[in-house]
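Just so you know, these numbers use all the heavy atoms, side chains as well, and skip hydrogens, waters and symmetry mates.
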Amino acid sequence: MRDTVCYNAMITCYSHNHDGHAAIELFRDMLWNKFGPDNFTFSSVLSALALVADDERHCHQMHCVVLKSGTGLVTSVLNALISAYVKCASSAVASSSLLMASARKLFDEMPAKDELSWTTMITGYVRNDDLDSAREFLDGMTEKLVVAWNAMISGYVHHGLFEEAFEMFRKMLLMGIQQDEYTYTSVISASANGGMFQYGRQVHAYIVRTVVRPSTDFLLSVNNALVTLYSKCSKLDEAQEIFNMMPIRDLVSWNAILSGYVNAGHIEEARSIFREMPEKNLLTWTVMISALAQNGFGEEGLKLFNQMKLEGLDPCDYAYAGAVTSCAVLGSLENGRQLHSQLVRLGHDSSLSVGNALITMYARCGLSEDAYSMFLTMPYVDSVSWNAMIAALAQHGHGAQAIDLFEQMLKEDILPDRITFLTILSACSHAGLVKQGCHYFETMCGSYGITPGEDHYARMVDLLCRAGKFSEAKNLIESMPFEPGAPIWEALLAGCRIHGNLELGIQAADRLFKLMPQHDGTYILLSNMYATLGRWDDVSKVRMLMRERGIKKEPGCSWIEVESNVHVFLVDDTVHPEIQAVYNYLEQMVLEMRKLGYVPDTKFVLHDMESEHKEYALSTHSEKLAVVFGIMKLPPGATIRVFKNLRICGDCHNAFKFISKVVEREIVVRDGKRFHHFRNGECSCRDYW
DNA sequence: GTAGGGTTAG
């Protein structure tokens, strides 16, 4: 025999098991069978309604039923109804303000309000991004309830209003409202995200001083927040110390310390933390995949992404973004395309992070047109998308288009940031647009109030030196408000090498030897510069210095993707299984090239110190091997896309022009800095690189 | 009814 009590029990049961639809269905059944609902029924079914939260009609219908029943004016039932409205409002897109208005009306008409009624309204407004109304309610409360204050503070924090969050916190202290772990974690997070480290440290000190017997829960959540604070403010040692002292840790603690090491760029430590973590979740995997991609470990990033799927986890859009970035690093177009189509199938392709990562993936795989169509078809774009697209054009040497896009960005009122300017400066530098570069450098400080960092100055020095304007570059360096560091001297030295400015080049190299004596690049550039000028004695002196100091040149390697597999070639490669066929093919190719006027330029052999057969050594540069392998393996006419870790060698650059003519196909080479598109005997960079 | 861990651009 069914009765109201039976129905109540079942409805409550469904509701507790988060099956809102079943609970509501049963409630309808109950009404249909003429069983009168009581306060318990309403409380249960209303919390079920809050769970479903998909339809405003449900709320209004239930409201009517409650009013009709006559029993429904009890505060607890009305609170549940308000809560249902509020939940529906935060999940509905269009009608959220209407739903909040209904909640408010109900609240205003309530005969007796309690703390819960007030708090529900406050959190409702906070969740619906109406902080002013939330604050109005809080200020109207006579009771100073910590839960309500916490809700308000967390609202401010989530909306980036960190100062306001702290103002509330101070007010609580003044008014003598007892704070709890929710309050502390929120304000600590405010200081971590708002760049207010000192505030955070003060809160930490305050907690240590005043909290006498913290519970385990208190210690867990507050310490988690503190680990994040110290990590984000680059105080990794302190973060680690807090982590070590924690009596118990949970997944949040581990993820926080993992992110700490990742943000500090300590990828090796991050790897070992990842390995030793007692449990992992979606977030853990996402952080690690992105970290690997960001640090250039594309292959490992992809591997981890696949492993994550094998372990039965569904990657979220952020994890996909990390995988896409891994493809960008590798230049693995096939894998990238596969991910893109998976994302479309899953409906993740409207995600901003995914879209932005895809722009970069297509661009870094050599397809700037595909990057652009990605940019155009994205449903929403932000400044990251604009920056990515401008960078794509810049890397491909399309300086003028990069500038056009930048101007369009300004017209659309998107605020450029320091990265936008970094990108636009390198666009100007690659395209030799000195005047425009100087103009944007001035605009950056003058119109946008962005203080140029050392990286901006380095781009400017690069721009000026490439164009041979050394005295301007020197003036700029002298005008800098800080001591020039390695990036500045590197840019200067690179420019000197291009123009054979030995005197200034030596000065720059001396500075670099002092600043980073173990860096191989300085020795290589200097030695190349001597070689270009035919000063062989000096070349061998530099070589000697390298040997004495035990400095090894970073080995050059190039790779190419064939049928989703990445084939890597080293200088003078003997490892690749098909290397002999590659050498044979290359030999034939050189004969054809010579017919068209190719003369190997032995200057560029100088990287390979021990090589006696200079011409032979030239033919074994990794980029040549990869290009030839591509010609052998890819279908006729297909574009050859090769990637190199270091800068492309001058002779290879010349050789690829000839090869593009001989085989009548496009060759695209991405080196450490930019792209070269070889077509019909010419390079897109017009030899300005 | 309140908290603490993530992404994409250079």
key: Proximity of A:Y156 and A:F166 rings by center, below 6.0 Å   = no
request  = Take atom CD1 of A:I122 and atom P of B:dG1, then tell me their distance rounded to the nearest Å.
outcome  = 14 Å
request  = Taking only Lys NZ, Arg NE, NH1 and NH2, and the carboxylate oxygens of Asp or Glu, determine whether A:R466 and A:D462 approach each other closer than 4.0 Å.
outcome  = yes
inquiry  = Under a 3.5 Å cutoff, is there a donor and acceptor pairing between the side chains of A:D114 and A:T75?
reply    = no
ask   = So which pairs with a foot in residues 246-267 of chain A pass side chain to side chain donor-acceptor pair (under 3.5 Å), sequence neighbours left out?
value = A:N224-A:D250, A:N224-A:S253, A:Q240-A:Y261, A:D250-A:S253, A:N255-A:N281, A:N255-A:T284
Pairs where residues 138-163 of chain A contributes a residue and the test salt bridge (charged side-chain N to carboxylate O under 4.0 Å, His left out) is met, not counting sequence neighbours = A:R135-A:D139
request  = Name all residues meeting the side chain to side chain contact (heavy atoms under 4.5 Å, CB included) criterion together with A:V146; count only those two or more places apart in sequence or in a different chain, and write none if there are none.
outcome  = A:N150, A:M172, A:I177, A:D180, A:T183
Pairs flagged by salt bridge (charged side-chain N to carboxylate O under 4.0 Å, His left out) wherever residues 270-296 of chain A is involved - sequence neighbours left out = A:E268-A:R271, A:R271-A:E300
inquiry  = Could you tell me how far apart A:Y125 (OH) and B:dG1 (P) are, to the nearest whole angstrom?
reply    = 17 Å
note = Whole-Å distance, A:M444 CE to B:dG10 C1', equals 13 Å
note = note: A:M361, atom CE; B:dA9, atom P; distance rounded to Å ~ 12 Å
ask   = In whole Å, what is the span from the CD1 atom of A:I289 to the P atom of B:dT8?
value = 11 Å
Contact letters for nucleotides 2-7 of chain B, in which S counts primed atoms plus P, OP1 and OP2 and B counts the base, heavy atoms under 4.0 Å = BBBBBB
ask   = For DNA chain B, what residues of residues 376-395 of chain A have any heavy atom nearer than 4.0 Å?
value = A:V384, A:N387, A:A388, A:A391, A:Q395
query = Any luck finding a side-chain donor-acceptor pair between A:S90 and A:N128 under 3.5 Å?
reply = no
task = Using atom OH of A:Y362 as one end and atom P of B:dA9 as the other, report the distance to the nearest whole Å.
result = 15 Å
ask   = How long is the line joining CD of A:E115 and C1' of B:dG1, in whole Å?
value = 10 Å
query = If you look at every strand shown and take non-hydrogen atoms under 4.0 Å, does A:I257 touch a base, only sugar-phosphate, or nothing?
reply = nothing
inquiry  = What is the separation between atom CZ on A:R459 and atom C1' on B:dG10, rounded to the nearest whole Å?
reply    = 6 Å
task = May I ask you to say what A:D417 touches in the nucleic acid, namely base, sugar-phosphate or nothing, with a heavy-atom cut-off under 4.0 Å?
result = base
task = Flag yes if more than 12 heavy atoms outside A:N244 fall under 6.0 Å of its CG atom; otherwise flag no.
result = yes
